[in-house]
Amino acid sequence: MTRAPISEAERGRRKREIDFARGSVRYEGGILSGEVERLNARYIDGEIDGNELTAAILASVSVQHG
């Protein structure tokens with residue numbers, strides 16, 4: 001599926017959102033896996049939307065559910 005490009009403003013908003021989440025994870029003592037960071041980059045670049053990002057992270061083998 002081809003997506004319409006996102007605006008620079010939207011890209012910036014997504015980057016700030018991911019940076020905040022990354023900081024929250026680090027504050028709690030966690031580190032995001034390379035797999036999750038690649039998904040985050042795809043989200044920031046507009047390749048996937050927020051729902052797809054969440055689903056992919058939850059399905060990731062690198063995420064421990066507890």
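Position 1 is the first residue of the sequence; numbering continues from there.
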Nearest non-hydrogen partners of Arg13 and Tyr43, listed with the distance:
NH2-OH, 3.5 Å
Donor-acceptor pair, distance only, cut-off 3.5 Å: does the side chain of Thr54 make one with the backbone of Gly50?
yes
Closest contact, heavy atoms only, Asn40 versus Ile57
OD1-CD1, 4.1 Å
Is the shortest distance from a Lys or Arg side-chain nitrogen in Arg42 or Glu52 to a carboxylate oxygen in the other one below 4.0 Å?
no
Rounded to the nearest 0.5 angstrom, the CZ-CD1 distance for Arg11 and Ile6 is 7.0 Å
Please determine whether side chain to side chain contact (heavy atoms under 4.5 Å, CB included) holds for the pair Arg3 and Asp49, giving the CA-CA distance in whole Å, both sets of side-chain angles, and the decisive distance to 0.1 Å.
CA-CA 10 Å; Arg3 294 193 185 276; Asp49 66 23; 4.1 Å; yes
Applying side chain to side chain contact (heavy atoms under 4.5 Å, CB included) to Arg38 and Glu35, what does each step give before you reach the verdict?
CA-CA 5 Å; Arg38 285 186 292 279; Glu35 181 181 7; 3.8 Å; yes
If you round to the nearest 0.5 Å, how far is NZ of Lys15 from CD1 of Ile44?
6.0 Å
Going by an N to O cut-off under 4.0 Å, is there a salt bridge joining Asp19 and Arg22?
yes
